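Taking it in order: structure first as structure tokens, then the write-up.
Heavy-atom basis, side chains included; hydrogens, waters and symmetry copies ignored. Just so it is clear, the model here is predicted, and its values are computed rather than measured. A note on names: the letters A, B, ... follow the listed sequences, proteins ahead of strands, and every chain is numbered from 1.
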Amino acid sequence: MPELPEIETSRRGIEPHMVGYQIARVIVRQPKLRWPVSEQINALKNSPVLSIGRRAKYLLIELDSGWIIGHLGMSGSVRVLPEFIEPGKHDHVDFVLSNGKVLRYTDPRRFGSWLWTDDLADSGVLMHLGPEPLGDEFSGEYLFKKSRGKKTKIKPWLMDNRLVVGVGNIYASESLFESRILPTRPAGSLTKREADLLVAEIKRVLARSIEQGGTTLKDFLQADGKPGYFAQELQVYGRVGEPCRVCGTLIESEKLGQRSTFFCRRCQK
DNA sequence: ATTAGACCCTGCCAGC
DNA sequence: TGCTGGCAGGGTCTAA
């Protein structure tokens, strides 16, 4: 469900309901997630929420004593609800707020996590992450230099968080289509011009999806329960066997690095 | 050091 | 109708 635009959409959705209020207490119904829910989170009592941030696909909830680092995995979501709504089967964690609402984390596959850190710069999950895709550090020049000598196929290479964060399976296929680059090419075969174009398209596609409230494929909903609308704009993702919107050639699919990859053989070279 | 693969977990859908 | 296999938006770990 969640790629970077979905996380950013969630961040924006929950922010006004949380900043300036307190986390009164935390209810953990299922601690067995990717990693066990951190003890410090379990123990929170009446902690003021200072800010809601994001790094890569991690939500950062700043309290006066440290940060909650949340990840939604493959199937997770967070919603702000009135406290009295009964939790469902996969509603694993509730952050009960001082305003009568609750930040409720739902995650059928339980690949998500809720970790704690006193020091963001020293947090294990954040320490080795590459630049943000929408920041200035992620440039054509940066991508071109990193690609020199790389034999890995471009698409799985783009999804490596040490290179750049936040380019997940949907947006990797989409941005390569927009750049007219075949996902199977070795990363080292990128020209400088292609690297410039690819970076520009990654930024454009991600920004556009954030504007649209993310991509709703199955069940992604914004924090207020509305779907995202970017799915309507997908060019290749999930469209195997359907005609390319540009040239009409049938979209193909291939597994690269265990992940389905979609492309148009005629448009992409 | 780089790269490919298995794995964590549940739900859903197509095909038999 | 009911079963089975394959697949799913992510990330980490191991082993070649």
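Rounded to an integer number of Å, the gap from A/Arg259 CZ to C/dC7 P is 13 Å. Atom-to-atom, NE2 of A/His71 to P of C/dG9 comes out at 14 Å; the value is rounded to the nearest Å. At whole-Å resolution of the value, CG in A/Asp160 and P in C/dG11 are 10 Å apart. Per the geometry, CG belonging to A/Leu59 stands 15 Å off P belonging to C/dG10, to the nearest Å. C/dG10 atom P lies 11 Å from atom CG of A/Leu4, rounded to whole Å. In this structure, A/Glu8 atom CD and C/dG9 atom C1' are separated by 17 Å, rounded to whole Å. Separating the CG atom of A/Asp107 from the C1' atom of C/dG10 is a distance of 10 Å, rounded to the nearest angstrom. Atom CG in A/Leu256 sits about 14 Å away from atom P in C/dG10, given to the nearest Å.
Across all strands, A/Ser260 comes closer than 4.0 Å only to sugar-phosphate atoms, never to a base (heavy-atom distances). A/Asn161 comes within contact range of the sugar-phosphate backbone alone, with a heavy-atom separation under 4.0 Å but no base atom that close.
A sub-4.0 Å separation between OP1 or OP2 of C/dG9 and a side-chain N or O of A/Tyr171 is absent. For C/dG10, the OP1/OP2 oxygens have no side-chain nitrogen or oxygen of A/Ser75 closer than 4.0 Å.
Around NZ of A/Lys145, the count of heavy atoms belonging to other residues, nucleotides or ligands within 6.0 Å does not exceed 12.
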- Query: Dot-bracket for DNA chain B, 5' to 3', with Watson-Crick and G-U pairs under 3.5 Å, [ ] for crossing pairs and | for other-strand pairs: what is it?
  - Reply: .|||||||.|||||||
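The salt bridge (Lys or Arg N to Asp or Glu O under 4.0 Å) pairs that include a residue from residues 22-43 of chain A are A/Arg25-A/Glu83, A/Arg29-A/Asp94, where partners are two or more places apart or lie in different chains. Residue pairs meeting the ring pair (Phe, Tyr, Trp, His ring centres under 6.0 Å) criterion with at least one member in residues 192-212 of chain A: none, sequence neighbours excluded.
A salt bridge between A/Lys146 and A/Glu141 is absent, with no side-chain N of the basic residue lying under 4.0 Å from a carboxylate O of the acidic one. The pair A/Lys57-A/Glu6 fails the salt-bridge criterion, with no side-chain N (NZ, NE, NH1 or NH2) lying under 4.0 Å from an Asp/Glu carboxylate O.
Here the separation of C/dC3 from B/dC9, taken at their P atoms, is 24 Å to the nearest Å.
Listed by chain and number, the residues in a side chain to side chain donor-acceptor pair (under 3.5 Å) with A/Glu233 are A/Arg208 (sequence neighbours excluded). By the side chain to side chain donor-acceptor pair (under 3.5 Å) test, A/Arg148 is found to be paired with no residue, residues two or more places apart in sequence or in another chain being considered.
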- Query: What does nucleotides 3-10 of chain B look like as a protein-contact string, B for base, S for sugar-phosphate only, - for none, at under 4.0 angstrom between heavy atoms?
  - Reply: SS-S-BBB
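The aromatic rings of A/Phe230 and A/Tyr171 lie tilted to each other, with the angle between the two planes from 30° to 60°.
Between A/Trp67 and A/Tyr58, the distance separating the two ring centers is not shorter than 6.0 angstrom.
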